[in-house]
2 protein chains.
Amino acid sequence: MALPRAARTQRRTRIQEAKEEQILEAALEVFSLHGFRGATVDQIADVAGMSKPNLLYYFRTKEAMHRALITRVLDTWLDPLREFDAGGNPVSEIRSYIRRKLEMARDFPRESRLFANEILQGAPNIEDELKGPLKALVDEKAEVIRAWAKAGKIAKCDPYHLIFSIWSTTQHYADFDVQVRAVLGQDQSGDGRFEDAARFLEQLFLTGLHINEQPT
Amino acid sequence: MALPRAARTQRRTRIQEAKEEQILEAALEVFSLHGFRGATVDQIADVAGMSKPNLLYYFRTKEAMHRALITRVLDTWLDPLREFDAGGNPVSEIRSYIRRKLEMARDFPRESRLFANEILQGAPNIEDELKGPLKALVDEKAEVIRAWAKAGKIAKCDPYHLIFSIWSTTQHYADFDVQVRAVLGQDQSGDGRFEDAARFLEQLFLTGLHINEQPT
DNA sequence: TGATAATTTGACCGGTTGGTAAACATTACA
DNA sequence: TGTAATGTTTACCAACCGGTCAAATTATCA
């Protein structure tokens with residue numbers, strides 16, 4: 001008798017590993033474009049190049065597939081923030097954080113859109129992860145930024161809103177890509193726009209922070 | 001015989017006006033939460049408090065409903081940018097633009113999410129509007145900003161990416177509301193967060209722009 | 001009032017949805 | 001090689017989808 005995925009406790013076959021990867025890749029493609037409810041299992045199976053029952057042999061429900069995907073993406077998505085180093089130079093830390101986030105928006109736009117779709121639709125499946133691990137990590141890094149501000153290394157500012165603004169400005173280039181391209185037009189919508197964006201954002205955040213203006 | 005909406009050329013009944021409003025209100029609620037494909041006509045009819053055939057009497061298809069909604073929202077959504085005044089003081093113009101956008105994110109989050117959903121899913125229905133009216137408006141305002149920079153009134157910067165960053169940072173508080181609340185926690189997730197955000201963003205953009213740092 | 005037009009409803013339709021059952025094929029391994 | 005576990009497919013199902021239709025109800029106004 002066949003044992004579906006959830007029942008396995010032993011090591012995974014090479015086939016299992018390959019197929020699950022293949023499925024998650026297809027699921028990422030479809031979920032990131034249509035959201036959870038807008039995506040269909042048939043479509044994912046089609047993109048993955050296998051029959052629907054075959055797909056459902058590895059992930060028993062559409063929701064299980066989505067959950068596996070979200071969990072994985074959320075984890076790698078926070079890597080740049082984890083690298084944020086308390087001992088480093090504030091200016092270079094913030095600069096490289098912006099750059100890393102922008103590179104992820106450029107290289108993994110589907111992951112960004114998957115996440116955006118989930119949050120946009122009320123994050124029904126990952127609210128706990130947001131209030132738990134995500135909040136903990138942000139709290140920790142916010143404290144670092146606050147300490148830098150207190151020491152006069154950067155301007156006084158609300159560290160949470162600083163992080164939000166770095167998230168939003170960088171992810172914008174993945175999530176709102178269609179709009180960005182439409183506004184910039186054909187000539188400027190090539191890959192060069194990421195360099196322009198990086199230049200602008202570094203100027204904005206570094207100039208905006210490294211001088212201690214009146215904080216009110 | 002009943003004349004469905006599209007065939008009407010005469011003035012609209014009070015009932016028509018009221019019902020269409022009622023439907024669009026419900027459609028906004030549902031579309032903004034689930035996107036086009038994820039929303040169902042039954043659900044919209046339910047929220048609107050009427051039967052599905054009754055709803056379809058006013059909007060013959062789900063797509064017609066969505067189109068009417070998007071067109072209306074896109075129009076009002078650009079109002080703050082239209083008010084951007086070339087003759088005004090750069091600092092106060094940018095400050096009040098940020099404030100207006102932030103107020104819209106606070107007061108009309110569903111409109112913001114509807115728009116975000118549409119863009120996120122590839123903007124299949126409004127690509128023309130983006131490349132036409134939207135691009136034209138942004139081009140016009142970008143020229144104003146460029147002139148300000150040339151005159152030394154603000155720092156030299158790419159005006160398009162400046163506009164993108166104002167859009168993204170402000171709309172973030174509507175589109176990613178769930179995440180913002182989760183990270184800030186119960187104590188700070190009240191309405192006061194908009195005041196904090198406004199303070200931070202004004203500091204960021206005004207400090208980041210009004211000093212002519214080396215633009216490279 | 002009465003007739004006509006506008007509105008609302010319940011029943012229904014063909015297609016799609018997520019998911020299942022069971023037969024069939026393939027692999028792993030003793 | 002044999003056989004048991006794993007993997008794949010065809011056929012199918014009940015629920016739901018967007019949308020139609022004709023009959024019933026309500027508003028309009030001469």
Side-chain angles (χ1 to χ4, degrees), chain A residues 1-24 26-27 29-31 33-70 121 124-125, chain B residues 1-24 26-27 29-31 33-70 121 124-125:
Chain A
M1 198 230 312
L3 280 184
R5 183 169 190 276
R8 261 182 282 114
T9 55
Q10 315 286 358
R11 63 168 178 230
R12 298 154 70 204
T13 317
R14 272 177 208 83
I15 293 181
Q16 283 169 2
E17 211 147 325
K19 291 277 167 160
E20 284 173 14
E21 202 56 42
Q22 194 176 337
I23 290 169
L24 288 182
E29 184 73 27
V30 178
F31 278 133
L33 198 54
H34 300 295
F36 180 74
R37 289 185 50 169
T40 73
V41 177
D42 290 87
Q43 201 178 353
I44 296 171
D46 193 55
V47 172
M50 62 179 75
S51 66
K52 182 168 62 171
N54 195 187
L55 183 152
L56 288 168
Y57 171 74
Y58 293 99
F59 294 90
R60 295 210 293 209
T61 65
K62 183 184 176 184
E63 204 182 317
M65 220 160 44
H66 189 249
R67 210 170 18 236
L69 201 52
I70 282 275
Q121 309 193 355
N125 300 318
Chain B
M1 198 226 315
L3 279 185
R5 184 171 189 276
R8 259 182 283 113
T9 54
Q10 314 287 357
R11 62 167 180 232
R12 297 154 71 203
T13 317
R14 272 175 209 86
I15 292 183
Q16 284 169 0
E17 210 146 326
K19 290 277 167 165
E20 283 173 15
E21 202 55 42
Q22 193 177 338
I23 291 170
L24 288 181
E29 184 74 27
V30 177
F31 279 133
L33 198 54
H34 300 294
F36 181 74
R37 287 184 51 169
T40 73
V41 177
D42 290 86
Q43 201 179 352
I44 296 171
D46 193 54
V47 172
M50 61 181 75
S51 66
K52 182 168 62 170
N54 195 187
L55 183 153
L56 289 168
Y57 170 74
Y58 293 99
F59 292 91
R60 297 213 290 210
T61 66
K62 182 185 175 184
E63 204 183 316
M65 219 159 45
H66 190 247
R67 211 171 15 238
L69 202 52
I70 282 274
Q121 309 194 355
N125 300 317

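Here the nucleotide nearest the side chain of B:Lys52, chosen from C:dG19, D:dT8, D:dG19, is D:dG19. Comparing D:dT9, D:dG19, D:dT8 against the side chain of A:Ser51 picks out D:dT9 as the nearest. Among the nucleotides D:dG18, C:dT17, D:dT6, the one closest to any side-chain atom of A:Tyr57 is D:dT6. Closest to the side chain of B:Gln16, from the set C:dG18, D:dG7, C:dT7, is C:dT7. Closest to the A:Pro53 side chain, of the nucleotides D:dT10, C:dT7, D:dC17, is D:dT10. Comparing D:dG7, C:dT8, C:dG18 against the side chain of A:Lys62 picks out C:dG18 as the nearest. Side chain of B:Leu56, nearest nucleotide from D:dG19, C:dG18, D:dG18: D:dG19. Checking C:dT7, D:dG19, D:dG18 against the side-chain heavy atoms of B:Asp42 singles out D:dG18 as nearest.
Rounded to a whole Å, the CZ atom of B:Arg60 is 11 Å from the P atom of D:dG19. A straight line from NE2 of A:His66 to C1' of C:dG18 spans 15 Å, rounded to a whole angstrom. Rounded to an integer number of Å, the gap from OH of A:Tyr58 to P of C:dG19 is 18 Å. D:dT26 atom P lies 17 Å from atom CE of B:Met50, rounded to whole Å. One interatomic measurement links the two molecules: CZ of A:Arg37 to P of D:dC16, which rounds to 12 Å at whole-angstrom precision. One interatomic measurement links the two molecules: CD1 of A:Ile23 to C1' of D:dG7, which rounds to 12 Å at whole-angstrom precision. Rounded to a whole Å, the CD atom of A:Gln43 is 15 Å from the P atom of C:dG19. Atom CZ of A:Phe59 and atom P of C:dG18 are 16 Å apart (whole Å).
Note that the OG atom of A:Ser51 and the CG atom of A:Asp42 stand 10.5 Å from one another [nearest 0.5 Å]. A distance of 6.0 Å separates CZ in B:Arg67 from OG1 in B:Thr61, rounded to the nearest 0.5 Å. Rounding to the nearest 0.5 Å places CG of A:Leu56 at 9.5 Å from CD1 of A:Ile44. In this structure, the separation between CZ on A:Arg37 and OG1 on B:Thr40 is 6.0 Å, given to the nearest 0.5 Å.
Backbone-only engagement by A:Ala39 is indicated by non-hydrogen atom pairs under 4.0 Å involving sugar-phosphate atoms exclusively.
Mapped onto DNA chain D by nearest heavy atom, A:Lys19 and B:Val41 fall at different nucleotides, with A:Lys19 at the one closer to the 5' end.
Side-chain contact between A:Phe31 and A:Ile70 is absent, with no heavy-atom pair separated by less than 4.5 Å.
Not one side-chain nitrogen or oxygen of B:Asn54 sits closer than 4.0 Å to the OP1 or OP2 atom of C:dT7.
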